[in-house]
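Worksheet for the structure shown next.
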Amino acid sequence: MEFSVKSGQPEKQKTHLLIVPIYEPRRLSPTAEKINVASNSVISNLVRKGDLEGKYGQMLLLQNIEGFPAERLLLVGCGQISEMQESQFRDLIFKMIATLNDTNSLEAIFCINEFHVKNKDNSWKIRQIIQWIHTAFYRFDDFKSKKEPVRKILRRFIFIVPTKRDHTVAERAVNEGVAIAQGIELTKNLANVPPNICTPSFLADKAKKFAKEHAKVNVAVLEEKDMAALGMGSLLSVTQGSNFPAKLITLEYRGARKDVKPIVFVGKGITFDTGGNSIKIPPHMIGMKYDMCGAATVFGVLEAALHLELPLNIISVIPSCENMPGPNATRPEDIVTSMSGLTIEILNTDAEGRLILADALTYCERFHPDAVIDIATLTGACQLALGPYASGLMSNNDQLAHDLSQAGFDSSDKVWQLPLWDEYHDALKSDFADIANVPVADIGARTIVAGCFLAKFAQKFPWAHLDVANTATLYGSKRGATGRPVALLVQYLLNRCKAL
Ligand code: BES
Ligand code: MN
Ligand code: ZN
């Protein structure tokens, strides 16, 4: 799909299809009004007959209107003007895409200025529409022997704006929206690959290929012996039961001067989480191929950053391994020594994400980061806390937490902060080691307690943790990766560039 911006008068465009809103009660948008006048009241006649009132969700497709150069006109009912919420706008756009796709229009022009969404500007609307169109046409059928053909007639989607000034803003938004959508697509494609194929080596190979394709990106892959030499006993304890070798992948993007401190992303890359010897029950194991969504996210963010040529230094660190049970696997009550020197009593081998992230966070110290943000499908409890709408945010730095929250609202890929108070830290006291990986006695608050565990390994830099166990994948009857929180993190980077 090709997205672009045009400035000019919408009613004068020779195109396959023009999209304009109509509001309640029977209020035509400025462009609809002009078309109405030029066409001897075609629209107001229909409105009078009751075919269209402007109710939210109503759609009416008109063809071959006299005095109007476009082949088709799609009138979209938007309800009360200035009352549309963002979720309503999203549902409306999905419905509109389905309607468009049923016509034979290769090209559609969308009157972006005439669609009003509460507290949202053109730039937001454009970025979101591009992402939603990508979502609507997304399929993952690499592993189907017979691919169902997708009806995808629409080729060009054009946002029309009245002035040159609007044009510049809109063009930037298109560029950002396309970059984000591409990042999301890469993330989904990686995350959806089955765990017999998407192994730590598979991710390492993807990283190497990624670096080869992009001159500004360097890659380094640490093997188990390298990790052992660094003292990463915590990370290595998780891979013990697997036949696949663990990898610690680092991708470095240099978009700024050498001396500019990098932003470091750390993505949890468990390619399958059985729970290890603290094995999961079968229904809980379904979906655990998605335990590398954090890793997939950092790939997507880098892809978007490259497309946008962001003037920042970004490093992505991916600790990757598989969590399997068996005679070689870690037992509950084993004690291991992490790279930081802290000893950890592993009371539950299913709390493995924090174990690999602990050493990955310590490893980040060498980059003298400006900020470290980890992304992890860390706790099932995050779904209980926040449902599927906001990712969990925990941080040791108020400014960073604020910036991420803001980026969440700007991108509609929202986060909500949870506290990391001392009381919660107390839950991780161990009788025999420096800390335990889970509380001996459950206090609840599992998302927060996991965050507290990570915080112990992130004391040397501003750090934020995103628990995306509730947002990285779909729920219910439809399975699949969502590509979250790529949009959030790209927005965070874009906002940082604005502040430069
Ligand atoms: N990968 C899981 C978390 C998860 C659960 C992600 C459901 C997505 C959906 C993680 O490794 C895990 O097993 N966490 C445990 C922690 C517990 C043992 C303290 C959990 O959430 O139950
Ligand atoms: Mn687990
Ligand atoms: Zn896990």
Side-chain angles (χ1 to χ4, degrees), residues 191-192 195 198 200 203 234-235 237-242 246 266-297 318-325 329-334 344-358 360 374-388 390-392 394 418 424-425 427-428 430 435-454 465-476 479-482 484-485:
N192 284 329
C198 181
L203 289 176
S234 184
L235 194 164
S237 75
V238 179
T239 194
Q240 266 171 227
S242 171
V266 181
K268 174 178 173 181
I270 295 288
T271 59
F272 195 74
D273 181 11
T274 62
N277 280 331
S278 312
I279 197 159
K280 289 180 186 291
I281 57 168
H284 287 179
M285 232 184 265
I286 299 301
M288 285 306 131
K289 72 167 183 178
Y290 289 115
D291 217 13
M292 39 61 74
C293 277
T297 295
I318 300 172
S320 181
C321 66
E322 188 185 47
N323 188 23
M324 296 294 271
T330 298
R331 291 152 289 264
E333 299 197 304
D334 278 2
I344 304 167
E345 183 177 22
I346 299 173
L347 291 172
N348 189 325
T349 65
D350 198 9
E352 84 298 339
R354 62 196 79 181
L355 295 173
I356 67 168
L357 290 170
D374 78 69
I375 307 103
T377 47
L378 208 63
T379 63
C382 202
Q383 197 197 352
L384 293 178
L386 297 168
S391 305
M394 286 142 268
L418 301 170
Y424 294 109
H425 279 269
L428 291 172
S430 161
I435 47 168
N437 77 328
V438 297
V440 184
D442 194 9
I443 61 155
R446 288 185 183 172
T447 303
I448 294 175
V449 171
C452 288
F453 183 91
L454 297 181
H465 158 56
L466 297 172
D467 193 330
V468 296
N470 57 332
T471 53
T473 59
L474 298 168
Y475 286 98
R479 292 159 67 205
T482 60
R484 288 180 72 181

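Values reported hereafter were calculated over all heavy atoms of this structure, with side chains retained and with hydrogens, waters and symmetry mates removed. Counting begins at 1 with the first residue of the sequence. Order of appearance sets the numbers: ligands from 1, and atoms from 1 within every ligand.
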*Work out which heavy atom in Ile270 is nearest to a heavy atom in Val238; give both atom names and the distance.*
CD1-CG1, 4.0 Å

*For ligand 1, is there an N or O atom under 3.5 Å from any N or O atom of Asp350?*
yes

*Mode of Lys280 contact toward ligand 1 - side chain, backbone, both, neither (heavy atoms, under 4.0 Å)*: side chain

*What about Ala381: any of its N or O atoms under 3.5 Å from an N or O on ligand 1?*
no

*Counting only heavy atoms, which portion of Lys268 has something under 4.0 Å from ligand 1: side chain, backbone, both, or neither?*
side chain

*Side chain, backbone, both or neither: the part of Met288 lying under 4.0 Å from ligand 1 by heavy atom*: side chain

_Just verifying a value: how many Å separate Met324 CE and Thr349 OG1, rounded to the nearest 0.5 Å?_
12.0 Å

_Close side-chain approach of Thr473 and Arg479, heavy atoms under 4.5 Å_ = no

_For the Zn ion (ligand 3): the N/O/S atom of Asp291 at shortest distance_ = OD2

*Does any N or O atom in Thr379 lie less than 3.5 angstrom from one in ligand 1, N or O only?*
no

*Quick one: does ligand 1 sit under 4.0 Å from the side chain of Val438, the backbone, both or neither, non-hydrogen atoms only?*
side chain

*Check Arg354 against ligand 1 and report side chain, backbone, both or neither, counting heavy atoms closer than 4.0 Å.*
side chain

*Short check: any N/O/S atom of Asp273 below 2.8 Å from the Mn ion (ligand 2)?*
yes

*Could you see which bit of Val449 sits under 4.0 Å from ligand 1, with heavy atoms only: side chain, backbone, both or neither?*
neither

